[in-house]
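Have a look at the structure below before the remarks.
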Amino acid sequence: MRLVHAGPVTASVCTLALLGTLSMTVGLSGFGWVVGAACAAGTNVGLARALARRRQHRLGAADWVTLTRSVLVGGVAALAAESLSQPVPVATLVTLSASALALDAVDGWVARRTRTQSTLGARFDMEVDALLILVLSVYVAQTTGWWVLALGGAHYLFLAAGRVLPWLRESLPERYWCKVVAAVQGIVLTVVAG
């Protein structure tokens, strides 16, 4: 059981360290801390539950890359939340976001290279992508209009609809263009944030 939780616990500790660094460098308030920590907790609890459900005892190399991305997304979430009440350094937000987006290309490459692709890894990658798009859309919405939240909320609306309509919970066929759309959304939102 210890091995199952090693990744999520490590990511939680790293997120708290990142939030501490942001507190010292940009003056992150309690609200930013709460949002960043909540994103980390949600992501890591979900990952731990998925690992336990699949009786998987360790993460693959690509999963560790995705876990690193989730730490960066926690920092972006904290800064996006902070921006609702005070200005935040755009360069810091864009750097964290761009790093998470760059690692998005790396995790898939690592999975293919090591032949460790898995449904868990693909789902974890998708959830981290969706969370990054959501927090970036919250940040960008302040200057472009709140309609941008439709980009960030689409994945979560689809999940909510699956609760009501069971046929939406079935596995979707893998389509390359879905990955392209997610990547383009993240890139465009990061450019607009900059």
All heavy atoms of V94 vs all of A193, minimum pair found to be CG2-C, 4.2 Å
So T144 and Y139, side chain to side chain contact (heavy atoms under 4.5 Å, CB included) or not? Walk me through it. CA-CA 9 Å; T144 59; Y139 180 78; over 6 Å; no
Cluster link V76 to M24, ILVMFWY, side chain under 4.5 Å: no
From CG (L19) to OG (S23), nearest 0.5 Å: 6.5 Å
Test side-chain hydrogen bond (donor to acceptor under 3.5 Å, both in side chains) applied to Q185 - qualifying residues, sequence neighbours left out: none
With the side chain counted from C-beta on, respond yes when V73 and C39 share a heavy-atom pair under 4.5 Å apart, and no when they do not. no
Do L134 and L159 land in one hydrophobic cluster if side-chain heavy atoms of ILVMFWY residues count as linked below 4.5 Å? yes
Verify side chain to side chain contact (heavy atoms under 4.5 Å, CB included) between H155 and E127, making sure each step is shown before the conclusion. CA-CA 9 Å; H155 174 73; E127 294 300 333; 3.1 Å; yes
Q142: what forms a side-chain hydrogen bond (donor to acceptor under 3.5 Å, both in side chains) with it, not counting sequence neighbours? S83
A78 and G32 have their tightest heavy-atom pair at CB-O, 3.2 Å
State the CG-CD distance between D107 and Q117, to the nearest 0.5 angstrom. 11.5 Å
Give me the atom names and distance for the closest heavy-atom approach of L96 to G75. CD1-C, 4.0 Å
CG/L136 to CD1/I187 distance, rounded to the nearest 0.5 angstrom? 11.5 Å
How about T43 and S70: does a side-chain donor come under 3.5 Å of a side-chain acceptor? no
Of all the heavy-atom pairs spanning A80 and V135, show the shortest one and how long it is. CB-O, 3.5 Å
Residues at least two apart in sequence or cross-chain that pass side-chain hydrogen bond (donor to acceptor under 3.5 Å, both in side chains) with R49, listed by chain then number, are none
Could you tell me the separation between the OG atom of S137 and the CG atom of L151, rounded to the nearest 0.5 Å? 6.5 Å
With sequence neighbours excluded, tell me which residues meet side-chain hydrogen bond (donor to acceptor under 3.5 Å, both in side chains) with T114. T116
Which value, rounded to the nearest 0.5 Å, describes the distance between L79 atom CG and L93 atom CG? 5.5 Å
Interatomic spacing from CZ in R69 to CG in D104 - rounded to 0.5 Å: 4.0 Å
Contact summary for V65 and L103, nearest pair of heavy atoms: CG1-O, 3.7 Å
Heavy-atom closest pair (A100 atom, L132 atom, distance to 0.1 Å) is CB-CD2, 4.1 Å
Do you see a donor-acceptor pair shorter than 3.5 Å between the side chains of E82 and S29? yes
Test question: given the 4.5 Å side-chain rule for I, L, V, M, F, W and Y, name all other residues clustered with L149, or answer none. F31, V35, L84, V138, W146
Using a 4.5 Å side-chain heavy-atom cut-off and chaining through intermediate ILVMFWY residues, the residues clustered with V34 come out as none
